[in-house]
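One structure is given below, encoded as C-alpha cells.
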Amino acid sequence: MATIDVTLPKLDPIKGQKSIPLEEFFTSGHRTCQGCESALVMKMMAKAAGPRTIVLGSTGCMYVANTTYYSTSWVIPWMHTQLGSSGSAALGTAAALKSLMRKGKMKRSRLTSSRSAATAAAPTWASQLSRRP
Amino acid sequence: MAAPSVTIERGKGPEEIALITGSEAIAVACKLADVDVITGYPIRPYDTVMQYIAKLIADGDFDCEYIIAESEHSQFEIVKHASVVGARVFCGSSGVGWMYAFEALTVTPALRVPMIAMVGNRALDDPGAFGVEHNDALAVRDLGWQLVWVDSAQEALDTALIAYRVAEDRRIFLPCAISCDGAFLTHSQGLVKIPSQEKVNEFLPRYDRGDLLLHPDNPITIAPQANEDWLMEIRRQTAAAMERSAGVIREAYKDFERIFGRSYGNPFFEEYETEDADVVLLGMGTLSTPVKVAIRKMRQEGKKVGFVRMRWFRPFAAEELAKCLERFKAVGVVDRDFSLGSPFHSGVLATEVRAAMNSSAKHPPVIGFICGLGGREVLLQDVEKMTGIVYEAAAGKTQAPTQWIGVRE
Amino acid sequence: MGRLFAVEIVYRGIFQKTLAKNISRAIVLAAHEEGKPGISFGRYGDSPERNGIPAKAFAIVATDNLTLEEGMAKYEPKEVDITIAVDDTLCKGVESWAWYGLQPINRLLKPNSSLIVTSREEPETLIAMCHRKEYPYNLAILKGIPSFSGLWVYKDDHTDARILGAIAKLLPELFSLESVQNVIKKDTGGELKAVSAARSYERISTVTVPPSQGNPEIPYKFDMPKWHEMRDGITIPNIAPGHKMTDPQTQAVGGFQPARNPTFKKFTTRTMRPILNFDTCIKCTLCWLQCPDSCFDVTPEGLYDANMEACCGCGVCEAVCPVKDCVTMVNEVEFHDNSSQWEMWRKDQPGYLAFLNSKIENRPERSHGFRYRGQYQEQIAEMSKPAPPPAD
C-alpha cells in the first residue's frame with residue numbers, strides 16, 4: 001500500500017502583530033540598499049518558515065548583497081545556486097531529504113526547503129500556509 | 001559635468017580623442033563598423049558595452065537591431081542566425097554567462113559564422129567574483145574561435161576593427177572573441193583616439209557571405225546532420241580556415257597600419273625590453289602594466305628582464321613564439337587562469353607555451369605562475385618575486401614547475 | 001620619473017554616482033588640457049552600488065604616459081593628493097562594499113594634502129568626526145548641502161564645478177582654473193558653471209588638522225584567513241541565533257536581540273538616524289517588523305530599540321510608525337557614537353526627552369536619499385534663484 005510521506009513542518013498561520021515570533025533567521029549586515037524591500041521579504045520569509053529551513057538563493061541581489069565577500073546575514077542554512085536555478089535547487093534539496101528520510105538514512109524531521117529567487121517570487125512557505133493539516 | 005559618455009574634443013587633428021573605457025571603445029568600434037544586429041544579456045563586467053551601445057542607438061548615432069535576450073544561450077543563438085542571413089553581428093558576455101551560451105558557442109565556428117564577441121573576463125562561479133580571470137574566454141579554445149587579449153582601450157577599439165576584417169574574410173569565416181580584463185579595462189576610462197568613419201570604410205569591406213548566404217535567392221541547407229562518413233572532412237575544413245587565419249591577421253595589421261597610421265608591430269605578441277634580456281615573463285591582458293613598471297624598476301637595478309605579451313591566443317603563433325623564447329635562459333609564464341589537473345597543475349598559457357617550446361632545439365626552463373585570479377592585483381613585488389624565481393631556474397636551480405603567487409599562505 | 005597624482009572621491013552609492021563620475025572625468029579632462037594623461041575609474045569592488053553605501057571613484061593623472069602606468073591596473077591608489085567627500089557624514093568613516101571594516105575618510109591622504117568636504121557644518125564639527133591621522137592634513141569645506149540625486153536623474157547644482165575650482169586652488173600642479181573652465185565650457189557651452197568654479201577657487205580655504213585632533217577610536221578591521229585555514233567548498237559558518245535582552249536597570253530578561261553580522265555593520269551608510277520616543281510608543285510592532293536590516297532590538301518590556309551599529313538610516317521606521325513624532329529621522333552629524341537610545345532613556349527619562357526634543361527641533365533640512373517622487377521639481381524653484389552676494 002502506498003503511503004504519502006509528508007516531511008513539511010506544520011506551520012500555523014500567524015494572525016495578528018503580537019503573535020509574530022521574535023526570532024530572526026535573516027539578520028543585519030547585508031549590503032543591500034537603504035530600505036531594501038527584498039531584504040525585508042527575506043527576513044519575513046525566514047521568520048515565517050522557521051528554524052528548520054534550508055534556503056536556496058540564486059544569483060541576484062539576494063545573493064550578491066546578502067553574502068558579499070565571504071560574509072553572511074543568514075542564521076538558517078543557505079546555499080547559492082545559478083541564475084534561474086532556484087526551482088531546480090529547491091527541488092533537488094527536497095527530493096534528497098525525502099529520499100534519505102524514507103530510506104532511513106537520515107533522521108525523520110520536518111524541514112522546509114525554501115527558495116529565494118532574485119525577486120523573491122512565491123516562496124514555498126506560502127503554499128504551506130494555505131494547506132490544512 | 002553632466003557630460004555624455006564620449007567627450008569629443010574637436011580640432012585635435014585627424015582623430016578625435018575621447019575619455020572612454022575598453023567597453024565603450026568596443027561599442028564605438030561597432031558603430032564605426034556599422035554592425036547590423038547586436039544582442040545583449042546583462043552580466044558584469046561585459047554589460048558596460050551594452051549600456052554604451054544602447055546609448056549610441058538611442059542618441060541616433062547608430063542604426064542597429066538591438067535585442068536583449070532572455071539568457072546568454074538565446075543571446076548567442078540570435079546573432080548566429082542573424083549572421084548567416086548576412087548581418088554583421090556583435091555579442092558578448094562574461095564568466096558563467098559565457099558558459100551558459102556554451103552550446104551556441106560550440107556550433108558557431110563549425111557553421112563558419114564570423115561573430116565578434118567581447119568577453120569581459122570574469123572569474124567563474126562559484127563563488128562568482130566579479131574580477132578578472134581568463135578561464136571564461138579560454139574555455140572555447142579548442143572549438144574554432146579566434147581569441148585575442150587586449151590591454152588598453154585604444155587596443156580594444158583597433159582590435160575590434162581588425163577582428164571584423166579578419167573574421168569576415170571569406171578565407172576564414174570564423175568567430176573572434178576579444179577579451180577585455182574585467183575592471184582594469186572594462187571599467188577604467190582612458191584617452192583613446194577615435195578613427196574617422198572614412199578610414200574605417202576604407203579598411204573594412206562589406207560582409208559578404210556569397211554562396212553561404214541563407215536566403216530564398218540561394219536555396220541551400222545548412223548543417224544537415226552528419227555521421228562518421230562526413231565529420232572528419234567537415235572538421236578538416238574548419239581546421240584549414242584556422243590554419244589560414246595567421247596569414248590573414250598579418251595582412252590585416254599591415255593594412256591597418258597603412259590606413260590608420262598606428263603600428264602594432266608583430267600582431268601575435270608584443271615584446272617589451274627583450275632585446276638583451278636574460279629572462280622573460282609572459283602573460284596576457286592588463287597585467288602588462290604592473291609587469292612593465294616592475295621591469296623598468298628592475299632594469300635600473302641591473303636585472304636584464306623582459307616581457308612578452310600574447311595578444312592572439314588562437315591562432316597560437318607557436319613557431320614564432322618558440323623562436324622568440326629560445327633566446328632566453330628561462331621563461332616565467334603568468335597565468336591569470338587555472339587548469340586543474342593539467343600537466344604540472346599549471347595554467348592554460350604555461351601548458352601551451354611548453355607545447356610550443358617543444359618544437360625548438362633549445363629548452364629553457366618554463367615556470368608557470370598562477371597569479372591575479374578574481375581580480376586580485378598583480379603587485380610590483382609579485383612581479384619581482386616571479387622574476388627572482390625565473391632567475392633561479394635560469395641558474396640551473398630546480399624550481400617547482402607551477403607556483404601560486406600572491407595567495408595567503 | 002615624472003609625477004603621479006591621485007584624487008579620490010568618496011560618495012554615497014547610487015545617489016551620488018553620477019556626481020562622482022563627473023568629477024573624476026573632469027579632473028582627467030582638465031589635466032589633459034595641460035598635456036597630462038590620465039585615467040578615471042570607480043573602485044570596482046564597490047560596485048554594483050547600493051543606495052547610500054559609501055563608494056569611491058578615482059582620477060589618476062601623470063606628467064607622462066610611462067609614469068601613468070604606475071597608477072594603472074589597480075583597484076585603488078595607495079595614497080592620494082586630494083580626498084573629496086561629497087557628503088559630510090562620510091567623515092565618520094567609510095564601510096563600503098569593497099572593504100572589510102571601517103576606513104577613516106582620510107586614510108589615503110599624503111602628509112599635508114587636503115580633504116575637501118561639502119558641508120554646512122563648521123570645521124570643528126567635521127574634525128571631531130574624522131579619525132585621527134598620524135600626520136597633519138588639511139580640511140577644506142565647500143559650503144553647501146550634499147548633492148543627492150538618483151541613477152537616472154542628475155542634480156546639476158554646480159557641486160562638480162565648485163569642487164574642480166577648489167582643486168585648482170589647492171593643487172595647482174595638477175591643473176589651473178583656466179583648464180577647469182575650458183573643460184566646463186566645452187561641456188556646457190555656457191558661462192554659468194565656469195563662474196561657479198571661479199567663485200569656489202577664490203573662496204576655498206583650509207584648516208590644518210594636527211595629529212592630536214579627531215576621533216581617537218581605532219576603526220575596526222579584520223584579518224583574512226590563509227587558504228588552508230578556510231573550510232572547503234566555499235563554506236562559512238552562519239550568524240548565531242539571537243538571545244534575550246537584559247534591562248540594565250532592573251536586570252529583567254526578555255525580548256530578543258538578534259546576533260549581528262560581525263563583518264559588516266552598515267552604520268556608515270547613515271546620513272540621518274531615527275530617534276525614538278519610548279514614552280509615546282504604542283508597541284504596534286510595525287517599525288521592528290518593517291526594518292529590512294532587523295536592527296530593532298526587542299526590549300524586555302516590549303519596546304523597540306533601533307540598534308545603531310546596524311541601522312543604515314533608510315527611514316522606513318519613520319514612515320510606518322503610526323504615532324506622531326515617535327520615530328523621527330534626524331541629522332546623523334549631531335551624534336558622536338552608536339550608543340543605545342533605550343539604555344539612555346532607561347537611565348534618565350527626562351534627560352533623554354530633552355535630548356530627543358533638541359535633536360528634533362534643531363534638525364536641518366537634509367536628505368537621506370531619494371525621499372519622494374517630485375522632490376527635485378520642488379527644489380528647482382529654490383535652486384534657480386541666484387545665490388545672495390557673499391556676506392563679506
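Throughout, a chain's letter reflects where its sequence line sits, starting with A, and its residues are numbered from 1. Only heavy atoms go into these numbers, but all of them, side chains included; no hydrogens, no water, no symmetry mates.
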Notebook entry, point to check: Can you check whether B/Lys80's main-chain N or O pairs, donor with acceptor, with B/Ser83's side chain at less than 3.5 Å?
Noted result: no
Check: What do the steps show when you test B/Asp181 against B/His134 for side-chain hydrogen bond (donor to acceptor under 3.5 Å, both in side chains), and what is the final call?
Finding: CA-CA 8 Å; B/Asp181 285 353; B/His134 291 158; 2.9 Å; yes
Close side-chain approach of [X] to [Y], heavy-atom, < 4.5 Å:
X	Y	answer
B/Ile53	B/Tyr66	yes
A/Ile54	A/Ile76	no
B/Phe369	B/Val383	no
A/Leu56	A/Thr93	yes
B/Val150	B/Cys180	yes

Checklist line | Which portion of A/Tyr70 sits near chain B, non-hydrogen atoms under 4.5 angstrom | finding: neither
Checklist line | Geometric class of the A/His80/A/Tyr63 ring pair [parallel <30°, tilted 30-60°, perpendicular >60°] | finding: parallel
Check: Just checking heavy atoms, which of residues 89-110 of chain B are less than 4.5 Å from chain A?
Finding: B/Val96
Check: Heavy atoms under 4.5 Å from chain A: which residues of residues 402-409 of chain B carry them?
Finding: none
Next item on the list: If a pair satisfies salt bridge (charged side-chain N to carboxylate O under 4.0 Å, His left out) and one of its residues is in residues 24-46 of chain A, list it, with sequence neighbours excluded.
Entry: A/Glu24-A/Lys47
Notebook entry, point to check: Is there any side chain to side chain donor-acceptor pair (under 3.5 Å) pair reaching into residues 370-386 of chain B, and which pairs are they, with sequence neighbours excluded?
Noted result: B/Lys297-B/Glu384
